[in-house]
Every structure is written in structure tokens, then in C-alpha cells.
Amino acid sequence: MKTKVHPTRIIAYLVQYGLVIFFYWFLRVHFFLMLLVIMSVIPFLSIGFVFVLRHFVTVTLVAPEREMQQGEIGYLKLQVANPTWFMSFDANLIFRTDNLFYQDSGNTRISVPIQMHRTYEQMIPIRYSMNGLYRFSFDGFRIRDLIGVVSLAKKTSTTTEVVVYPQEGRGIRGNLSDMSRGMTESEETIKKGHDFSDVSDVREYIPGDKLMSIHWKLSAKRDILMVKDRVSMSDQQMVILAELSGEDELVDEILSLTYGICRAFVAEQIYVRLFWWSEKRFAFEERQIISKESLKEAYSDLYYEKTYADSEKTKLLMQSIHPELKAYVHVTLRNGEADAEVVEQD
């Protein structure tokens with residue numbers, strides 16, 4: 001980004017300057033002489049002021065709400081601070097929007113005034129039509145001098161991010177009781193706490209108890225093994241595989257449906273293991289979902305992945321990498337729309 005000269009404005013100014021010279025020569029009026037002197041000085045002052053502005057003006061972008069739901073309208077706060085007593089009627093900001101998950105981006109220009117010794121604020125409305133991690137930034141801005149003959153560019157690095165989750169009240173296709181065929185026995189319980197004060201009870205060790213449940217500090221004091229009874233959500237687990245292949249709009253439907261299914265099972269106090277295939281790591285990512293907060297954390301991690309084209313490989317990879325899973329719920333595309341099916345592995 002370099003200094004840009006506007007020849008049409010220069011020509012227009014020179015025409016006006018020539019008219020003032022003509023009227024002064026023809027009329028010999030002191031007013032036109034004063035005007036001629038002023039017009040001779042203004043271009044140098046105007047260009048000098050814009051160089052000062054470029055050095056001192058700062059741009060910041062803030063997202064008051066860092067978490068949004070799909071379909072909502074949020075706002076970004078733009079602030080242009082000018083500590084000097086100079087001004088500009090026209091500053092063009094290059095506004096960039098990126099959805100990191102879908103690798104979608106776009107640029108637009110926002111024109112704002114730079115006021116003397118003030119901070120200009122503007123709220124930018126954003127409609128979040130799709131899920132994902134949105135990154136908003138200003139790559140730079142260009143300030144034009146008062147008479148508009150030159151404009152100077154300046155780099156800026158202000159950035160803010162917003163995480164967009166699926167709608168919470170969205171309906172679920174299919175019946176949860178039908179999906180329960182995708183449940184398998186949990187390998188271990190989901191703990192409510194990790195220390196003595198949070199467990200439901202402490203008792204003596206019985207052959208067959210897991211070593212991970214032994215309360216070692218209390219056992220050392222009593223010279224006998226003591227076991228912590230843990231609080232678990234269920235003795236079963238629901239395994240859900242979210243498909244990340246397909247066109248962006250269809251993958252977005254899959255993410256919304258998966259989110260709703262996980263929320264529904266967690267509400268029933270059923271432990272959910274959420275899987276997805278990571279093209280970046282060439283492995284399955286797994287997250288334990290026991291609450292709304294853990295589901296949000298899982299989606300925040302998922303948004304750093306990328307979509308892929310081949311949807312057929314996911315089942316094959318699941319069978320080869322996780323053959324121990326007897327069944328799971330696969331949220332994928334069926335008949336052109338997102339749907340959940342129970343996959344039973346041999």
C-alpha cells in the first residue's frame with residue numbers, strides 16, 4: 001500500500017486556481033489576491049496534515065459478544081482515535097471477514113471521518129448465517145487529505161474473533177430412543193469430583209474395584225485400602241461421529257444436528273463421546289461431553305479443523321481405528337440433508 005495521487009482532483013484544483021488568477025488580473029481586487037495566496041498555501045498544509053494523521057491515528061475493533069448463535073445479529077465496535085487537532089473527511093478502512101472453519105473470506109471498504117482530537121465510534125452489524133470461528137480484522141486504512149489530492153495508506157493489525165454455535169432450540173430429526181442402539185458400555189465413569197470432599201461415599205476395598213478409585217491418602221492413614229464411590233452420569237455411553245465432508249452449507253447442517261443431539265443426550269444425563277475426523281492430524285479427534293460447557297469447548301476445537309471431500313472413508317477409518325466400538329451414531333448426509341443413523345460394527 002503506497003501513497004496514491006488523485007489527478008482529477010489536482011486538475012480541478014488547478015482550474016480553480018487559474019480562475020482566481022484570471023479574476024485578479026481582470027478586476028484587480030484585493031479579495032482575489034488574498035484568495036490566491038490562501039490557495040497557494042492550502043495544498044502544502046493539507047498534504048502535511050495528512051502525513052501527521054497517518055502517524056498518530058489508530059484503529060481498534062472490538063467484539064462485545066464473543067459467543068453467538070447461528071442466525072443471530074451481532075455488532076462489532078469500530079473505534080478510530082485521533083489525538084491531533086487535524087482532520088480528514090474521508091478515511092477508507094479495509095474490513096476483512098474470515099470464517100476459519102470453512103476457509104471463507106471477504107473484504108469490504110468502510111468510509112469514516114477522522115474528527116479533530118476525538119475518537120470516532122461506529123457499530124458494525126454482522127449477521128452470523130453459518131457456524132464457525134469468525135475472525136474480523138482491518139488490514140489497513142487510507143486517509144485522504146482535505147482537498148483530496150493525495151491519500152496515504154497505513155497498515156494496521158487490529159483483530160477480534162467470535163465463536164458461533166448452532167441454535168440451541170433447534171429441533172432434532174429422528175428419535176432419541178432409536179439412536180440409543182448406538183450406546184455402548186462406558187469404560188469408566190464420569191467423575192463429579194476428583195478429591196475426597198466431592199465423592200459420594202468412602203468404603204473398604206472389595207476385590208474387583210478399580211485401582212483408580214482407591215483413596216490413597218486415607219488408605220495410608222488407616223493401613224487398609226479405602227475406595228471412593230464416584231458419581232457417574234450413566235453406565236452407558238453414546239458415541240457420536242460428526243461428518244465434516246461435503247459442501248459448506250450441508251456440513252453446517254450436520255454440525256447443527258450433531259449439536260442438538262449431544263444437548264439432548266446430556267440433558268438425559270447420558271455420557272457422550274463426540275468424534276470427528278481430522279484431516280490436519282489424519283486421526284480421529286475425541287471429546288467427552290458431559291455438559292453444555294464441554295460441548296461448546298469441543299466445538300471451539302472442531303472449528304479449527306477443515307472440511308474434506310470424501311465422505312465414504314469416514315466409516316472405513318472408524319472401523320479400522322476403533323474396532324472396539326460395537327455401535328455409534330453417525331451424523332451425516334442422507335438424501336441431500338443432514339440425518340443421524342446408527343452404524344453397527346462387526
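On a predicted model such as this, the values are computed, not experimentally measured, just so you know. Below, all heavy atoms of this structure are taken into account, side chains as well, without hydrogens, waters or symmetry copies.
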Got [X] and [Y] here, is their nearest side-chain heavy-atom distance under 4.5 Å?
{"X": "F275", "Y": "I240", "result": "no"}
{"X": "R142", "Y": "K4", "result": "yes"}
{"X": "Q79", "Y": "T58", "result": "no"}
{"X": "F101", "Y": "Q103", "result": "no"}
{"X": "I21", "Y": "F26", "result": "no"}
{"X": "D301", "Y": "R287", "result": "yes"}
{"X": "D339", "Y": "T332", "result": "no"}
{"X": "W276", "Y": "T314", "result": "no"}

Practice task
Applying side-chain contact (heavy atoms from CB on, under 4.5 Å), run through L78 and V59 and close with a yes or a no.
Solution key: CA-CA 7 Å; L78 167 65; V59 178; 3.7 Å; yes
So which heavy atom on [X] is nearest to which on [Y], and how close?
{"X": "F86", "Y": "L53", "result": "O-CD2, 3.8 Å"}
{"X": "I289", "Y": "A298", "result": "CD1-CB, 3.7 Å"}
{"X": "L333", "Y": "S245", "result": "CD1-O, 4.5 Å"}
{"X": "S88", "Y": "L146", "result": "CA-CD2, 4.2 Å"}
{"X": "I147", "Y": "P43", "result": "CD1-CA, 3.9 Å"}
{"X": "L244", "Y": "E305", "result": "CD1-CB, 4.4 Å"}

Q.
Taking the six-membered ring for Trp, are F95 and F138 closer than 6.0 Å centroid to centroid?
A. yes
ask   = For the rings on F32 and W25, is their centre-to-centre separation under 6.0 Å?
value = no
Ion pair E72/R127, N-O distance below 4.0 Å: no
Checklist line | Salt-bridge criterion met for D98 and R135 (N-O under 4.0 Å) | finding: no
Main-chain N/O of [Y] paired with [X] side-chain donor or acceptor, under 3.5 Å:
{"X": "N82", "Y": "R118", "result": "no"}
{"X": "Q167", "Y": "G260", "result": "no"}
{"X": "S294", "Y": "I290", "result": "yes"}
{"X": "H6", "Y": "G148", "result": "no"}
{"X": "T119", "Y": "V80", "result": "no"}
{"X": "Y13", "Y": "M39", "result": "yes"}
{"X": "K155", "Y": "F141", "result": "no"}
{"X": "S278", "Y": "E285", "result": "no"}
{"X": "R66", "Y": "E161", "result": "yes"}
{"X": "K154", "Y": "V57", "result": "yes"}

Note to self: Between E268 and R263, is the salt bridge (charged side-chain N to carboxylate O under 4.0 Å, His left out) condition met? List the steps.
What the structure shows: CA-CA 9 Å; E268 296 294 328; R263 285 290 306 275; over 6 Å; no
With the 4.5 Å side-chain cut-off for hydrophobic clustering, are [X] and [Y] part of the same group?
{"X": "V41", "Y": "F31", "result": "yes"}
{"X": "V50", "Y": "W85", "result": "no"}
{"X": "Y120", "Y": "M123", "result": "no"}
{"X": "F284", "Y": "F282", "result": "yes"}
{"X": "F56", "Y": "L152", "result": "yes"}

Does R109 form a side-chain contact (heavy atoms from CB on, under 4.5 Å) with I94? I'd like the steps, not just the answer. CA-CA 5 Å; R109 290 181 179 271; I94 305 172; 3.9 Å; yes
Gap separating the [atom1] atom of [X] from the [atom2] atom of [Y], nearest 0.5 angstrom:
{"X": "R96", "Y": "T159", "atom1": "CZ", "atom2": "OG1", "answer": "10.5 Å"}
{"X": "E253", "Y": "T258", "atom1": "CD", "atom2": "OG1", "answer": "11.0 Å"}
{"X": "N92", "Y": "T108", "atom1": "CG", "atom2": "OG1", "answer": "10.5 Å"}
{"X": "R9", "Y": "L14", "atom1": "CZ", "atom2": "CG", "answer": "13.5 Å"}
{"X": "L61", "Y": "S137", "atom1": "CG", "atom2": "OG", "answer": "8.0 Å"}
{"X": "E121", "Y": "T60", "atom1": "CD", "atom2": "OG1", "answer": "8.0 Å"}

> Around atom CD of Q115, are there more than 12 heavy atoms of other residues, nucleotides or ligands at under 6.0 Å?
Replying inline: yes
The single option from L133, V164, V163, L274 that satisfies side-chain contact (heavy atoms from CB on, under 4.5 Å) with Y299 is L274
| message | What verdict does the ring-ring contact (aromatic ring centres under 6.0 Å, His included) test give for Y128 and Y134, after you've listed the backbone C-alpha separation in whole Å, the side-chain angles of each residue and the deciding distance to 0.1 Å? | response | CA-CA 9 Å; Y128 299 100; Y134 286 77; 5.2 Å; yes
Exercise. Is the Lys NZ or Arg CZ of R28 less than 6.0 Å from the centre of Y24's six-membered ring, within 45° of the axis?
Worked result: yes
Exercise for the section: Give a yes/no verdict on a cation-pi contact between K313 and Y308, requiring under 6.0 Å between NZ or CZ and the six-membered ring centre and an angle within 45° of the axis. Expected result: yes
Step-by-step side-chain contact (heavy atoms from CB on, under 4.5 Å) determination, I261 to V331 = CA-CA 9 Å; I261 293 174; V331 186; 4.1 Å; yes
The single option from D252, D248, N131 that satisfies side-chain hydrogen bond (donor to acceptor under 3.5 Å, both in side chains) with Y102 is D252
Check: Where do K315 and H330 land on the side-chain contact (heavy atoms from CB on, under 4.5 Å) test, with the steps shown first?
Finding: CA-CA 9 Å; K315 284 184 180 180; H330 189 196; 3.5 Å; yes
Q. Hey, mind stepping through Q70 and S256 against side-chain hydrogen bond (donor to acceptor under 3.5 Å, both in side chains) and telling me if it holds?
A. CA-CA 9 Å; Q70 181 189 17; S256 297; 3.2 Å; yes
Could you walk me through whether T156 and D139 pass the side-chain hydrogen bond (donor to acceptor under 3.5 Å, both in side chains) check?
CA-CA 6 Å; T156 183; D139 293 338; over 6 Å; no
* Asked: So, S300 versus Y165: side-chain donor-acceptor pair below 3.5 Å or not?
  -> yes
